[in-house]
Protein chains: 2
Amino acid sequence: MQQPAPGRRAQQRQQRLAQILGAAEQIFATSGFEGASMAAIAAEAGLPKANLHYYFGTKEALYAALLEDLLRLWLSATDAIRPDSEPAAALEGYIRAKMAWSRSRPHASKLFANEVLRGAPLLAAHLSGGLRALVEEKAAVLRGWMAEGRMAVVEPRHLFFAIWAMTQTYADFDTQIRLVLDVPALGDREFDDGVATVLRLVLGGCFADSARQHG
Amino acid sequence: MQQPAPGRRAQQRQQRLAQILGAAEQIFATSGFEGASMAAIAAEAGLPKANLHYYFGTKEALYAALLEDLLRLWLSATDAIRPDSEPAAALEGYIRAKMAWSRSRPHASKLFANEVLRGAPLLAAHLSGGLRALVEEKAAVLRGWMAEGRMAVVEPRHLFFAIWAMTQTYADFDTQIRLVLDVPALGDREFDDGVATVLRLVLGGCFADSARQHG
DNA sequence: GTCTATAAAGGGATAGAC
DNA sequence: GTCTATCCCTTTATAGAC
């Protein structure tokens, strides 16, 4: 029951955990749960295989730990959407945040995509629980703005689906985008174009004349 | 070199092939390449495992055959986008076609998503070849419309990325959408709302005042 | 806590009878 | 052409030395 201050031992433990989680995120993201092997994760982390089992027990527990972290990020990105926000600015901030996340954490996004693609066996409870509640809450905010005539009338939950899809595609489908654009990797140029396109569609669709200011 | 008319033998062969391909599409879509087992595909098809190897040789060859079929669908959906088309009608037709495809062939869409997520090892050549050429061709059509002032100026290739993402999410992320909307499965209502939302964003973003006609 | 060696299970693929 | 039995390899997970 004692809670010792983090000494050298605890710090090294935290470092090992982060080391394993980072390697696991990358391997799981590009190979999926079944495709990833503990050996590949161990190699990426620079540790023997048995170490992973010492820290996390099973492959599924390690995978679940990653999804847990992930959910927190997902749920925290909508903070800017509050009843007292300016509607267009709130949506623009949300889109920019989601796009920045696709750029900074592409592996996390792919991990999430892989999990949902296979039917979300480990995430179903969170999706119908925390995420659903959050979406309902934010949808209510949007409906309020619509009732006040501050934005066009659209089904707010489907608007979220559209924003998620458009922003996450720059992480999940980066391979396709890269090959179609014929660039070695997605950089400033591609993300700027992406943000501009998503902003134009969403602001143009929700606010009509507000779209012009973004090129 | 002889090309016999399809007799009973050839017909049964075609039926077996279709039987296997259908089962494989479903299993690969929900489990990914590595996650799917030949045993699971055989069980789904109602055939012994060795039959699959007789017809397709290896697991990878079976998977590649599915991707081959898939590409034809992907590349044929843009037919309505031609220089002499009416811009808004052409984009609307394309969106409706893509959305209908997400509804009728969700397994195919998921299969494609799984493949791109893992870096498109078997599809890279097609993406940077046929798909890239097609996108360049259609992007040129859109640029022509923009130059004539018939639609807003957006980066046309990113507009395609956005349309692909928004429409395919109704197949690939159906689990998430289903759980957030709290419905047992996506039906008419959900797809109608989805089409309306995507149309509003794209037409609103590209044609400003044309968005109103779609609710 | 860390690592080597290995057990136990499941995978793709094939041999060979029918 | 079809199916059963089996080979061989990889995988997860653990035992046990250090």
Side-chain angles (χ1 to χ4, degrees), chain A residues 2 4 6-67 111 114-115 118 121-122, chain B residues 2 4 6-67 111 114-115 118 121-122:
Chain A
Q2 61 183 8
R8 196 178 299 166
R9 299 297 283 261
Q11 277 181 18
Q12 203 170 58
R13 180 184 168 80
Q14 287 305 316
Q15 195 200 330
R16 284 270 187 271
L17 288 174
Q19 195 174 0
I20 294 170
L21 286 170
E25 182 176 286
Q26 180 169 341
I27 300 295
F28 278 129
T30 53
S31 304
F33 176 72
E34 311 262 11
S37 75
M38 294 296 271
I41 296 171
E44 179 68 28
L47 294 171
K49 212 173 44 165
N51 257 14
L52 277 56
H53 284 104
Y54 172 75
Y55 279 106
F56 288 94
T58 68
K59 178 183 176 181
E60 185 170 319
L62 172 54
Y63 183 74
L66 286 170
L67 288 179
L111 186 70
N114 261 311
E115 175 65 9
R118 65 179 58 233
L122 295 183
Chain B
Q2 60 182 11
R8 195 179 300 166
R9 298 299 281 261
Q11 278 182 19
Q12 205 170 56
R13 178 182 170 82
Q14 287 305 316
Q15 195 200 331
R16 284 269 188 272
L17 288 173
Q19 195 175 359
I20 295 170
L21 287 169
E25 182 176 285
Q26 179 169 340
I27 300 295
F28 278 129
T30 53
S31 305
F33 176 73
E34 311 262 11
S37 75
M38 294 297 273
I41 296 171
E44 179 69 31
L47 293 171
K49 210 173 49 165
N51 258 15
L52 276 56
H53 284 104
Y54 173 75
Y55 279 106
F56 288 95
T58 68
K59 180 184 177 182
E60 185 170 319
L62 172 54
Y63 183 74
L66 286 169
L67 288 178
L111 185 71
N114 261 311
E115 175 65 8
R118 65 179 58 232
L122 295 183

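Side-chain atoms are counted along with the backbone in the values below, which use heavy atoms only and exclude waters and symmetry mates. Per chain, numbering begins at 1; letters A, B, ... match sequence-line order.
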*Would you mind reporting whether L52(B) and K59(B) have side-chain heavy atoms less than 4.5 Å apart?*
no
*In whole Å, what is the span from the OH atom of Y63(A) to the P atom of dT12(D)?*
14 Å
*Which of residues 35-47 of chain A have a heavy atom under 4.0 Å from DNA chain C?*
none
*asked:* I want to confirm an ordering. Mapping R13(B) and A50(B) to their closest nucleotides on DNA chain D, which one lands closer to the 5' end?
replied: R13(B)
*Go through residues 19-29 of chain B and report each residue with a non-hydrogen atom lying under 4.0 Å from DNA chain C, sorted by number.*
none
_Rounded interatomic separation in angstrom, taking CZ from F33(A) and P from dT11(D)_ = 14 Å
*Residues two or more places apart in sequence or in another chain: which of them pass side-chain hydrogen bond (donor to acceptor under 3.5 Å, both in side chains) with Y63(B)?*
E115(B)
*So which heavy atom on A42(A) is nearest to which on P48(A), and how close?*
CB-C, 4.1 Å
*For DNA chain C, note the earliest and the latest nucleotide, 5' to 3', having some atom under 4.0 Å of a heavy atom belonging to chain A.*
dG1(C) to dT4(C)
*Grab the two heavy atoms, one from A36(B) and one from S31(B), that are nearest each other, plus how far apart they are.*
N-CB, 3.6 Å
*Please, which pairs that meet salt bridge (Lys or Arg N to Asp or Glu O under 4.0 Å) have at least one residue in residues 33-57 of chain A, sequence neighbours excluded?*
E34(A)-R118(A)
*For K49(A) and Y55(A), take the nucleotide of DNA chain C holding the closest heavy atom to each; which residue's nucleotide lies nearer the 5' end?*
Y55(A)
*Pairwise distance CG(L47(B)) to OH(Y55(B)) - rounded to 0.5 angstrom*: 8.0 Å
*Under the side chain to side chain contact (heavy atoms under 4.5 Å, CB included) criterion, do L122(A) and E60(A) qualify, and how do the steps go?*
CA-CA 9 Å; L122(A) 295 183; E60(A) 185 170 319; 3.7 Å; yes
_Where F56(A) and A65(A) come nearest, the two heavy atoms and their spacing_ = CE2-CB, 4.0 Å
For residues 13-27 of chain A, tabulate all N or O donor-acceptor pairs below 3.5 Å that involve a side-chain atom, not counting sequence neighbours.
unit_1 : atom_1 : unit_2  : atom_2 : d
R16(A) : NH1    : Q19(A)  : OE1    : 3.3
Q19(A) : NE2    : A45(A)  : O      : 3.1
E25(A) : OE1    : R105(A) : NH2    : 2.9

*Could you check L67(B), L111(B), N114(B) and say which one makes a side-chain contact (heavy atoms from CB on, under 4.5 Å) with F28(B)?*
L111(B)
